[in-house]
Amino acid sequence: SNESAHDRAWNQRSNWGATTRLRETYDLVVVGGGISGLSAAYFYQQKYGKDKRVLVLDNHDDFGGHAKRNEHVINGQLRLSYGGSQTLVEPLHADKVVHNLLKDIGVDLHRFKTAYDVGFYERNNLGAVTYFNKEIFGQDKVVRHPFCNYPNYVEGLLGAKISNEEAAQQAPLSDAGRKQLVRVLNGSVQAIKVPKEKLKDYIETHSYFDYLKNTLGVDDPGVLRMARHSGLDWGSTGTELMSIATARSCGALGFAPVAVFDEDNPYIHHFPDGNAGVARALVKWLIPGVAKGNNAEELVLAKFNYAKLDKSSNTARIRLNSTVVNVEHGEKLRNSGYVTVNYISDNKSYQVKGKGVVMACYNMIIPHIVSGLPEEQSAALKLQGKNPMQYTTVGLRNWRAMKALGIGVAMSPGNMHQAVLMDFPVSMGGYEYTRTSDDPCVIQMISCPYGKFGEPRREQFREARYRMLGLQFKDYEQEIRSHLSGMFPRELFDFDRDVASISVNRWAHGYSNGGPGDSTRIGRQPFGRITIANSDSAPGSDAKTAMMMAHRAVNELG
C-alpha cells in the first residue's frame with residue numbers, strides 16, 4: 001500500500017507506464033478513505049445532494065485510515081478491538097457540525113453510558129501497575145503502582161494499590177535510585193527556585209529532564225528511563241523532549257494523577273472496534289446496500305459486502321488498493337473545469353476526472369502528488385511532523401493471569417510496548433465483552449518507539465520509524481512472547497497455550513505534531529479546485545477534528 005507513494009516521494013518517479021484513462025468523471029474525488037475522507041464525501045453529498053457522484057480513493061485494502069478494526073476469533077468466539085483511532089474524545093464538546101454528522105450516520109452518544117461497563121475494573125480488582133523486565137531492570141517484577149498518570153484515561157480503572165514510598169521500595173532499582181524515585185513522586189514544581197510570578201513561564205520554557213536532574217537530583221538510569229517512557233502517545237515523544245509544563249500535562253513521572261476528562265465527557269465513547277465503528281457507519285450512509293443495519297450499533301456485527309463499495313451504480317464509490325500519484329488541474333488553473341487524478345492499482349496506472357478534489361491524505365505526501373502547488377504552500381506542507389506508533393492486539397484464551405495480578409493497565413518502561421491493557425469493556429449491537437477471566441479476551445499493547453536519546457524530534461521519528469518498519473512479524477511475536485512470559489507467573493500463563501492470535505498495527509505516521517509557526521494555515525490553503533482536509537491540517541489527532549477539517553475543505557470548494 002505504501003510502495004508507490006514512497007516511490008513518488010523519495011525517487012520522484014513520474015513514469016508509471018501506459019495510463020488507462022477511464023471514462024469516469026465525478027463531481028468530487030476524495031484522496032484518502034479515512035475518517036476525514038469519508039466525512040468529506042458525506043458533507044459533499046449532504047450539501048449538494050445524494051445524486052452527486054463521489055469517488056473515494058485509498059491506498060489500503062480497507063477503508064477507515066487510522067480507524068482500523070481488528071477481529072480475533074478465539075475458541076469460536078469473536079473478540080473485536082481497534083488497531084488505530086481509538087475513541088470519540090470529548091464528543092459533547094464537539095461542534096454542531098460533528099453532532100449532526102454523528103446523528104445522521106446513526107451514532108447515539110448517550111448509548112455509551114450503558115454500553116461501557118465502568119464497574120468492570122472494580123468488580124475484577126483491576127488497577128494500574130508497572131512491570132519491570134529482567135533485561136533492563138535486572139529482574140521481572142510487577143509493582144502495583146503506575147508511577148505516572150497515563151492509565152488515568154481508562155474510565156473505571158482502579159488506581160495505585162500502595163503508597164509512593166512502598167512502591168519505590170519494591171521497584172528493582174539501586175538504593176540511590178529508590179530514594180530518587182520517592183523524591184520524584186513526592187516532588188513539585190514549587191521546588192524550583194524561581195520567583196513565584198515567574199514559575200509559569202519557567203516551566204513552559206525549561207526541560208522536564210533538567211527539572212529531574214537539576215531540581216530533584218535524579219541521575220539513576222532506571223528512574224530516568226521510567227521518566228522517559230511515562231508519556232507515551234499522550235506526548236508522542238520521549239519526555240526528554242518536553243518542557244516541564246508539557247510533561248505535567250501528559251502526566252509524566254512525578255506529577256500527581258489528575259482527571260483527564262471532565263464529568264460530562266468521560267472516556268467512554270468507544271465502539272468495540274474503536275472509531276472503525278464510526279468509519280463503518282459513514283460508509284453505510286454513503287453506500288446503503290453495503291451492509292444491513294439501521295444505525296451504528298446495529299453495524300457492530302454486520303458483515304460488509306466489499307464488492308459493493310465500487311459499483312458503477314453507486315453515486316458514492318470507494319476504491320481501495322488505489323494509490324494516488326498525481327493530481328493536476330486539467331487546464332489553466334483559473335479556468336480549469338476539472339482535475340485529473342492518476343492512481344496506481346495492481347501496478348497499473350489509471351486516471352479519472354473530478355470537478356473538485358479533496359486531499360484527505362497524509363499532509364506531507366501532498367506536495368509530491370499535487371502538480372503546480374505554490375512553492376510556499378508546498379514547503380509548509382513538508383514541515384509537518386508525525387510520530388510513529390504501534391498498536392498490537394493479542395487474543396488470549398483466558399485472562400486469569402491479568403486478574404490474578406490485578407492488571408488493568410501495566411506500564412512497561414523496559415519493553416517495546418510501554419503499556420499493556422485490558423481492552424475497553426464495551427458491549428453493544430449484540431456483541432458481548434468478555435465476562436469472566438476464564439473467557440477469551442483481547443489485550444492491547446501500545447508502543448511509541450523513540451529514537452536516540454536527546455536527538456531532535458524529527459530525527460527521532462525518522463530513526464524509530466525505520467527501525468519499526470524493518471522488523472518482521474516473527475520479531476514482534478518474539479517480543480510479545482518475552483514481554484507476557486516475563487510479566488505473568490508461569491503457573492498461570494503459557495504463551496503457546498494461552499495466546500490464540502496477534503495483530504500488529506504499525507503506523508509509520510501516527511499522531512500529527514503540526515509544523516512551526518504559520519505553516520499549518522499556509523499548507524491547508526485551497527489550490528484552484530483542490531482543497532485539503534485531514535486532521536493534519538488542523539493540526540490534530542482525533543476523529544472530530546478530522547470531520548471538521550473535511551467540512552471546511554468541502555465548503556472551500558464553493
Side-chain angles (χ1 to χ4, degrees), residues 68-84 86-87 111-129 131 142 151 153-158 266-277 280 296-302 391-410 412 417 419-446 480-481 483-485 487-489 491-505:
K68 190 67 69 178
R69 175 179 169 111
N70 283 183
E71 297 183 0
H72 295 256
V73 178
I74 311 164
N75 297 346
Q77 298 183 47
L78 176 66
R79 290 290 181 259
L80 295 175
S81 189
Y82 61 93
Q86 183 189 83
T87 302
R111 175 67 178 92
F112 294 97
K113 293 179 181 178
T114 52
Y116 186 105
D117 185 1
V118 175
F120 170 80
Y121 299 97
E122 185 173 4
R123 286 198 309 275
N124 290 283
N125 195 32
L126 301 179
V129 309
Y131 163 58
V142 173
Y153 80 95
V154 180
E155 197 72 27
L157 185 74
L158 302 180
Y267 203 72
I268 61 171
H269 301 92
H270 177 91
F271 284 98
D273 55 0
N275 284 332
R280 284 158 65 88
E297 179 168 356
E298 292 179 7
L299 292 173
V300 169
L301 292 178
Y391 280 178
T392 298
T393 57
V394 180
L396 299 181
R397 301 189 190 280
N398 66 77
W399 46 281
R400 298 176 195 129
M402 296 284 283
K403 184 166 184 176
L405 273 64
I407 297 177
V409 175
S412 307
H417 297 93
V420 180
L421 58 150
M422 288 290 293
D423 204 357
F424 294 100
V426 179
S427 299
M428 64 190 315
Y431 174 79
E432 294 291 333
Y433 182 72
T434 186
R435 295 284 186 179
T436 74
S437 60
D438 293 325
D439 296 323
C441 78
V442 172
I443 60 172
Q444 282 283 341
M445 301 182 73
I446 298 174
I480 296 161
R481 176 185 293 269
H483 190 151
L484 299 183
S485 298
M487 185 167 70
F488 296 143
E491 62 271 18
L492 291 176
F493 178 82
D494 178 87
F495 184 90
D496 294 314
R497 179 193 67 204
D498 296 328
V499 172
S501 49
I502 297 171
S503 178
V504 180
N505 304 269

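What you see is a predicted model, and the numbers here were worked out from it, not measured in a lab.
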Trainee: Under a 3.5 Å distance rule, please check whether Arg69 uses its side chain to pair with a backbone N or O of Leu80 as donor and acceptor.
Mentor: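 Side chain of Arg69 to backbone of Leu80: no pair is present.
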
Trainee: Ring-plane angle category for Phe424 and Tyr116, please: parallel below 30°, perpendicular beyond 60°, tilted otherwise.
Mentor: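 Aromatic pair Phe424/Tyr116 classed tilted.
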
Trainee: Quick one, Val442 and Asn70 - any side-chain contact, counting heavy atoms below 4.5 Å?
Mentor: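 The answer is no; the side chains never approach within 4.5 Å.
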
Trainee: So does Arg497 have more than 12 non-hydrogen atoms from other groups sitting under 6.0 Å from CZ?
Mentor: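 Yes, CZ of Arg497 has more than 12 neighbouring heavy atoms, counting only those of other groups under 6.0 Å.
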
Trainee: With rounding to the nearest 0.5 Å, note down the distance linking NE2 in His270 to CD in Gln86.
Mentor: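 Separation between the atoms: 6.0 Å.
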
Trainee: Might you point out which heavy atoms bring Val129 and Gly406 nearest each other, and give the distance in Å?
Mentor: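 Shortest heavy-atom separation between Val129 and Gly406 comes out as CG1-O, 4.0 Å.
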
Trainee: Quick check: closest heavy atoms across Phe488 and Met402, and the distance to 0.1 Å?
Mentor: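 Minimum heavy-atom contact is CZ-SD, 3.4 Å.
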
Trainee: For Leu301 and Gly429, work out which heavy atoms get closest and say how close.
Mentor: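 Taking every non-hydrogen atom into account, CD1-O, 3.6 Å.
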
Trainee: Might you work through the side-chain contact (heavy atoms from CB on, under 4.5 Å) test for Leu158 and Asn125, ending with a clear yes or no?
Mentor: CA-CA 7 Å; Leu158 302 180; Asn125 195 32; 3.6 Å; yes

Trainee: To the nearest 0.5 Å, what is the distance between CG on Leu78 and CD on Glu432?
Mentor: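 Here the rounded value is 12.0 Å.
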
Trainee: Checking Ser503 side chain against Ser501 main chain: does a donor-acceptor pair fall under 3.5 Å?
Mentor: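 Not a single qualifying donor-acceptor pair exists.
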
Trainee: Would you give the length of the straight line joining atom NE2 of His269 to atom CZ of Phe271, rounded to the nearest 0.5 angstrom?
Mentor: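 That separation rounds to 10.5 Å.
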
Trainee: Is the backbone N or O of Gly408 less than 3.5 Å from a side-chain atom of Tyr121, with the two atoms forming a donor-acceptor pair by type?
Mentor: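 No, the answer is negative, given that no donor and acceptor are paired below the 3.5 Å cut-off.
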
Trainee: Any side-chain heavy-atom pair from Val499 and Ile480 closer than 4.5 angstrom?
Mentor: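 No, too far: nothing below the 4.5 Å cut-off.
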
Trainee: To the closest 0.5 Å, what do you measure between CD1 (Ile502) and OG1 (Thr392)?
Mentor: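 Between Ile502 CD1 and Thr392 OG1, I get 8.0 Å after rounding to 0.5 Å.
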
Trainee: Check the pair Tyr433, Val426 against side-chain contact (heavy atoms from CB on, under 4.5 Å), reporting the backbone distance first and the verdict last.
Mentor: CA-CA 6 Å; Tyr433 182 72; Val426 179; 5.9 Å; no

Trainee: Do Asp498 and Asn398 pass the side-chain contact (heavy atoms from CB on, under 4.5 Å) test, and can you show the C-alpha distance, the side-chain angles, and the key distance before you say yes or no?
Mentor: CA-CA 7 Å; Asp498 296 328; Asn398 66 77; 3.7 Å; yes

Trainee: I need the Asp439 CG to Arg400 CZ distance, nearest 0.5 Å.
Mentor: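 That separation rounds to 9.5 Å.
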
Trainee: Would you call Met487 and Phe493 a side-chain contact if the rule is heavy atoms closer than 4.5 Å?
Mentor: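 A side-chain contact is absent here, since even the closest heavy-atom pair is not under 4.5 Å.
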
Trainee: Thr114: which residues meet the side chain to side chain contact (heavy atoms under 4.5 Å, CB included) condition with it, sequence neighbours left out?
Mentor: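 Arg111.
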
Trainee: Answer yes or no: is there a side-chain heavy-atom contact under 4.5 Å between Arg481 and Asp496?
Mentor: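 Yes, close enough: below the 4.5 Å cut-off.
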
Trainee: Could you tell me whether the side chain of Arg79 and the main chain of Pro440 form a donor-acceptor pair under 3.5 Å?
Mentor: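 Between the backbone of Pro440 and the side chain of Arg79 there is a qualifying donor-acceptor contact (under 3.5 Å).
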
Trainee: Between atom CG of Leu157 and atom CD1 of Ile407, what is the distance when rounded to the nearest 0.5 Å?
Mentor: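 That separation rounds to 11.0 Å.
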
Trainee: I'd like to check the side chain to side chain contact (heavy atoms under 4.5 Å, CB included) partners of Gln444; sequence neighbours left out, ordered by chain and number.
Mentor: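 Ser81, Tyr82, Tyr391, Thr393, Leu421, Asp423.
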
Trainee: Output, in order, the C-alpha distance, side-chain angles, deciding distance and verdict of side-chain contact (heavy atoms from CB on, under 4.5 Å) for Asn124 and Met422.
Mentor: CA-CA 12 Å; Asn124 290 283; Met422 288 290 293; over 6 Å; no

Trainee: For the residue pair Phe120 and Trp399, categorise the inter-ring angle as parallel (less than 30°), tilted (30 to 60°) or perpendicular (more than 60°).
Mentor: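 Aromatic pair Phe120/Trp399 classed tilted.
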
Trainee: Which heavy-atom pair separates Ile74 from Gly395 by the least distance, and what is that distance?
Mentor: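 Taking every non-hydrogen atom into account, CD1-CA, 3.6 Å.
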
